[in-house]
Number of protein chains: 2
Amino acid sequence: MPGISGGKNYHHGDLRNALIGAAVDLASEGGPERVVLREAARRVGVSPTAAYRHFDGRGELLRTVRGHARARLAEAMERAAAREPGADDPALAAERRLAALCRGYVGFAVDHPGLYRAAFGTVRPAAGEPPAGAPVPPEPEIRAFTLLRETLEALDRSGGRRSAAGAAAWSAVHGLSLLLLEGPLRRLPARRRDDVVETTLAMVVSGARAR
Amino acid sequence: MPGISGGKNYHHGDLRNALIGAAVDLASEGGPERVVLREAARRVGVSPTAAYRHFDGRGELLRTVRGHARARLAEAMERAAAREPGADDPALAAERRLAALCRGYVGFAVDHPGLYRAAFGTVRPAAGEPPAGAPVPPEPEIRAFTLLRETLEALDRSGGRRSAAGAAAWSAVHGLSLLLLEGPLRRLPARRRDDVVETTLAMVVSGARAR
DNA sequence: GCTGGAATGTTCATGCGGTCAACATCGGGC
DNA sequence: GCCCGATGTTGACCGCATGAACATTCCAGC
């Protein structure tokens, strides 16, 4: 293996991870559409086709980035929830946790727009890329969603349609994030943005309560 | 002008509209990323660069498609609301209208995925396309949003933070649509999908009530 | 140690998209 | 009738994804 004295000429030594790192950076900078195989290779200092030894093509690279981005989102949500003070009433605690998770979600989206978009946007074929023929593999667990669903379950006495409620909450934060990031709510001043975020969270919590 | 006896050889006669039509078709078939200048020109039977006489480039073509898509979405919402029976209680009527509008919104997204995505996705630069330097022009009125906001106002006695509530409702339906179309809720069976839609609508309505 | 196959990179070539500059054609006003 | 501006066409350049053929390196097995 390449030691400290850079013996890494022809063979890079850890190209796969290096490419992933570059691709994540690209996504951070400009979202999934900026994740371009050639540029990632360029940044790592390797020829474009080298990437094909480690990835099936741009699509797989992008999917890998998406996994990273989703993991980071979930971490951000958990951090936000951890900062939230508890409560004696378990229902109240669950409500607070729900709101905190949602705030963490939208906060991550706003702070890391490119990563967030990479996390949930469809992998769009780039120009010159064939229209994708392979059947899309099933989605692995998405921690961000699980966090929401579990908290809703804690809030739920009746036990009905839990997963649908989770999806509803998710819809709200996802839609809000996208409207703020790349939708018509872009360029909303920060003050009004907070308004919208809090109003949406109130809607989510009231929906969870009303169930 | 080109008469009935096809005198439209070198000069098309209505190329701009023809291109828009082709582009809308493309968006319907495969979403905004499929709206490709060369293909639109090909379908119209004209050389790629001819489009530049009528559009600033791919970006403007796509923006035009977006306008069409948004208009169609609003029409679908209004049709859905028109089908909804009224009610004596104006508040109840407003609630029903709100739910119907939302249902129309998500229904349009599900029925016309490509158009819906074209309506609200950011105009992403395609490969080979310069990274866009001009400042994005402000968004014109978006009728879909106005419909939601107005209905929420009718539901609103206190007169507070109306626009934020509209954005919250919009967030929910937008997020839901995208999760269903290109997000992890894709391939949800129709039965469960309806569940999620109704649960989300309940959340929206309960949020509007709780205000 | 030495060596030959497997890994890992490189070069070259193809095809698709966006866009520009230079040239061709048409239609209508004068 | 003629000329100009609007509208199309050709040809070229650049970036991207991807595949085939070739080069280099590493390491397992001797």
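Quick note: numbers below take in every heavy atom, side chains included, and nothing from hydrogens, waters or symmetry partners. Please read these numbers as outputs of a predicted model, since none were measured by experiment. Just so we're on the same page: letters track the sequence lines, and every chain starts at 1.
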Original post:
Do A:V196 and A:T199 have side chains that get closer than 4.5 Å, going by heavy atoms?
Top reply: no
Subject >> Set of residues satisfying ring pair (Phe, Tyr, Trp, His ring centres under 6.0 Å) with respect to B:H54, sequence neighbours excluded >> reply: none
Original post:
Between atom CD in B:E60 and atom P in C:dT19, what is the gap in whole Å?
Top reply: 11 Å
Original post:
Counting side-chain heavy atoms from CB outward, which of D:dT9, D:dT7, C:dT10 is closest to A:V46?
Top reply: C:dT10
**OP:** Please work out which residues in residues 37-45 of chain A have a non-hydrogen atom less than 4.0 Å from an atom of DNA chain D and list them by number.
**Re:** A:L37, A:R38, A:R42
**OP:** Figure out the CG/C1' separation between B:D14 and D:dA6, and round it to whole Å.
**Re:** 15 Å
**OP:** Would you mind reading off the distance between A:F55 atom CZ and D:dC16 atom C1', rounded to a whole angstrom?
**Re:** 18 Å
Original post:
Of all residues at least two apart in sequence or in a different chain, which pass the side-chain contact (heavy atoms from CB on, under 4.5 Å) check with A:A109?
Top reply: A:Y116, A:S177, A:L181
**OP:** Run the salt-bridge test on A:R72 and A:E78 with the 4.0 Å N-O cut-off and return the result as yes or no.
**Re:** no
**OP:** Can you sort out the partners of B:F145 under ring pair (Phe, Tyr, Trp, His ring centres under 6.0 Å), two or more places apart, ordered by chain and number?
**Re:** B:W170
Subject >> Residue pair B:R186 / B:L180, side-chain heavy-atom distance below 4.5 Å >> reply: no
Identify each atom pair where a protein N or O and an N or O of nucleotides 20-23 of chain C are less than 3.5 Å apart, giving names and distance.
none

Subject >> Non-neighbouring partners of B:E95 that pass side chain to side chain donor-acceptor pair (under 3.5 Å), sequence neighbours left out >> reply: B:R209
Original post:
Given atom CG of B:L61 and atom P of C:dG17, what is their separation to the nearest angstrom?
Top reply: 14 Å
**OP:** Using modelled atom types only, decide if a donor and an acceptor are shared between the side chain of B:R70 and the backbone of B:A119 within a distance under 3.5 Å.
**Re:** yes
Subject >> Nucleotide D:dT25, atom P - distance to CG of A:L15 in whole Å >> reply: 16 Å
**OP:** Whole angstrom is fine here: how far is it from CD in A:E33 over to P in D:dA17?
**Re:** 13 Å
**OP:** Report yes if the side chains of A:D56 and A:L61 come closer than 4.5 Å at any heavy-atom pair, otherwise no.
**Re:** no
Original post:
At under 4.0 Å, does any side-chain N or O of A:H54 touch on OP1 or OP2 of C:dG9?
Top reply: yes
Original post:
Rounded to whole angstrom units, what separation is found between the CZ atom of A:R58 and the P atom of D:dG19?
Top reply: 14 Å
